[in-house]
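Here is the structure we will look at, set down as structure tokens.
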Amino acid sequence: MRIINNYIMLNFTVGPVMCSDSVRTMGSEQVPYFRTAEFSETMKENEQLMLSFAKAPQGSRAVFITGSGTASMEASVMNLFSPDDKVLVVNGGSFGQRFVQLCEIHDIPFTEIKMEMGEQLVREQLAPYENQGYTGFLVNLNETSTGVLYDIRLISDFCRRNRIFLLVDSISSFLADPFDMETLGVDAMITGSQKALACPPGISVIVLAPSAISRANRSKAKTMYLNIKDALKNGERGQTPFTPAVAILRQINVRLKEIEAAGGVESENNRIKTQAEDFRNKIRNLPFEIVSKSLSNAVTPLHPLHASAYDIFLKLKDEYGIWICPNGGDLAEKVFRVGHIGHLTPDDNTTLVNAFKDLQRRGLL
Ligand SMILES: *Cc1c(COP(=O)(O)O)cnc(C)c1O
């Protein structure tokens with residue numbers, strides 16, 4: 001366990017997550033004024049590293065939105081689509097539902113592909129939508145609420161065949177699972193600072209392929225703060241239209257360079273994969289069922305067979321100083337999630353598994 005500002009915490013949630021020491025050190029610095037060449041330099045580095053880690057095609061750009069992941073989901077829906085579009089939305093949980101709501105709010109005509117909890121998307125589900133004039137496809141690569149990693153190859157092939165613009169919410173999957181924007185033909189992807197980027201919440205990022213840049217530049221979206229065209233224009237000189245979360249952008253810079261120095265995005269993917277596999281091995285003999293049919297490296301969703309998932313979350317937090325991630329709504333009593341993103345090690349997994357074993361000994365698991 002670690003003591004952070006007198007707060008004992010070992011955090012296995014899916015965001016905010018544990019930060020590395022260097023990211024925390026940067027967070028303790030004074031926040032500088034930002035209309036400077038120095039800050040522009042930081043932003044340009046951030047953009048280049050994001051493009052490289054996302055494997056974005058030539059001519060792509062990244063914009064940094066001050067706001068959590070949802071701000072970039074909303075900006076993308078508003079700026080990259082219009083009421084002339086007709087989009088498909090995969091809805092397999094609370095984040096899919098968020099795209100549905102955004103399409104409703106912004107009058108984007110949509111068809112929902114409703115998923116059963118924990119199920120993978122399969123070919124037969126897409127078949128009815130071939131050659132039906134769809135122009136957009138919205139998916140949360142890892143539906144974090146249920147831990148399902150969708151079959152992005154299947155989706156990518158479908159979109160290519162049908163010449164459909166593909167927007168991927170990669171918020172919790174980016175850096176955790178392999179992702180290659182160019183090979184997959186993804187037009188725009190979104191991520192956020194508090195997931196595998198392992199920085200505080202407050203910044204989200206949209207990576208735009210040239211196809212998305214031209215859509216954003218043509219957009220008639222009525223918005224001041226979430227205007228991507230404006231963000232792109234300012235980004236050319238390493239700036240943002242309004243005061244961004246400067247401190248977090250500096251922490252992101254530290255973190256992106258840290259990943260690069262440690263071998264880049266593949267090494268980070270592998271590190272998180274190892275962390276996830278280590279956990280899944282260590283819980284083999286515990287009374288849990290893994291509820292997703294297709295797991296992301298970012299998170300393991302578990303159904304405890306004999307106890308309330310929410311009670312386990314509370315007990316671990318209050319009595320052991322360990323935070324796992326509760327589920328909301330209907331799933332609150334049935335499912336909790338254990339994250340593998342952030343500054344965690346296999347030893348931390350052992351600490352968590354020992355706490356589970358202790359609960360079991362006490363008759364609480
Ligand atoms: C975390 C997350 C979001 C964004 O949530 P915010 O609370 O707005 O940061 C969106 N989609 C997915 C898949 C996520 O995991």
Side-chain angles (χ1 to χ4, degrees), residues 11-19 54 63-78 80 89-103 105-106 112-113 115 117-121 137-152 155 166-177 179 186 188-207 225-226 244-245 248-249 251-252 255 272 276 291-292 294-301 323-329 331 335-342:
N11 181 359
F12 290 89
T13 67
V14 288
V17 299
M18 312 273 290
C19 300
V63 295
F64 295 79
I65 304 286
T66 292
S68 75
T70 308
S72 280
M73 289 172 78
E74 183 153 32
S76 300
V77 169
M78 292 175 78
L80 303 178
V89 185
V90 179
N91 181 0
S94 43
F95 294 107
Q97 182 60 33
R98 199 164 296 180
F99 266 146
V100 165
Q101 266 177 281
L102 285 168
C103 288
I105 291 169
H106 297 290
E112 198 176 341
I113 304 178
M115 305 293 299
M117 144 108 201
E119 292 292 330
Q120 176 59 281
L121 182 74
F137 196 109
L138 282 58
V139 65
N140 318 94
L141 182 49
N142 173 29
E143 171 49 80
T144 322
S145 65
T146 63
V148 174
L149 182 73
Y150 289 117
D151 183 347
I152 189 67
I155 294 168
L166 175 55
L167 169 64
V168 177
D169 161 4
S170 220
I171 295 180
S172 64
S173 177
F174 179 66
L175 298 177
D177 304 302
F179 183 75
V186 171
M189 82 87 139
I190 308 168
T191 193
S193 56
Q194 85 275 27
K195 305 282 169 90
L197 261 177
C199 285
I203 291 286
S204 48
V205 189
I206 312 171
V207 178
Y225 202 78
L226 296 179
I248 297 166
L249 286 161
Q251 287 175 294
I252 288 175
R255 170 71 172 139
I272 296 173
V291 293
S292 158
S294 155
L295 290 167
S296 159
N297 294 323
V299 59
T300 305
W323 296 24
I324 54 172
C325 203
N327 269 68
L331 296 178
V335 176
F336 65 75
R337 294 160 296 163
V338 173
H340 312 301
I341 53 182

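Side chains included, hydrogens not; waters and symmetry mates left out as well; all remaining heavy atoms used. Just so you know, ligand 1 is whichever comes first in the structure, and atom 1 is the first atom listed for that ligand.
- Side chains of Arg337 and Thr300: no donor on one and acceptor on the other come within 3.5 Å.
- Met78 has its side chain out of reach of Met73: every pair of non-hydrogen atoms, C-beta onward, lies at least 4.5 Å apart.
- No donor-acceptor distance shorter than 3.5 angstrom exists from the side chain of Thr146 to the backbone of Gly93, with no hydrogens or angles considered.
- Counting only heavy atoms from C-beta outward, the side chains of Phe137 and Val90 approach each other to under 4.5 Å.
- One finds the CG atom of Asn142 at 11.5 Å from the CD1 atom of Ile152 (value rounded to the nearest 0.5 Å).
- Closer than 4.0 angstrom to ligand 1 by heavy atom are Ser68, Gly69, Thr70, Met73, Phe95, Arg98, Asn142, Thr144, Asp169, Ile171, Ser172, Gln194, Lys195, sorted by chain and number.
- Judged purely by atom type and a 3.5 angstrom limit, Glu143 uses its side chain to pair as donor or acceptor with the backbone of Phe95.
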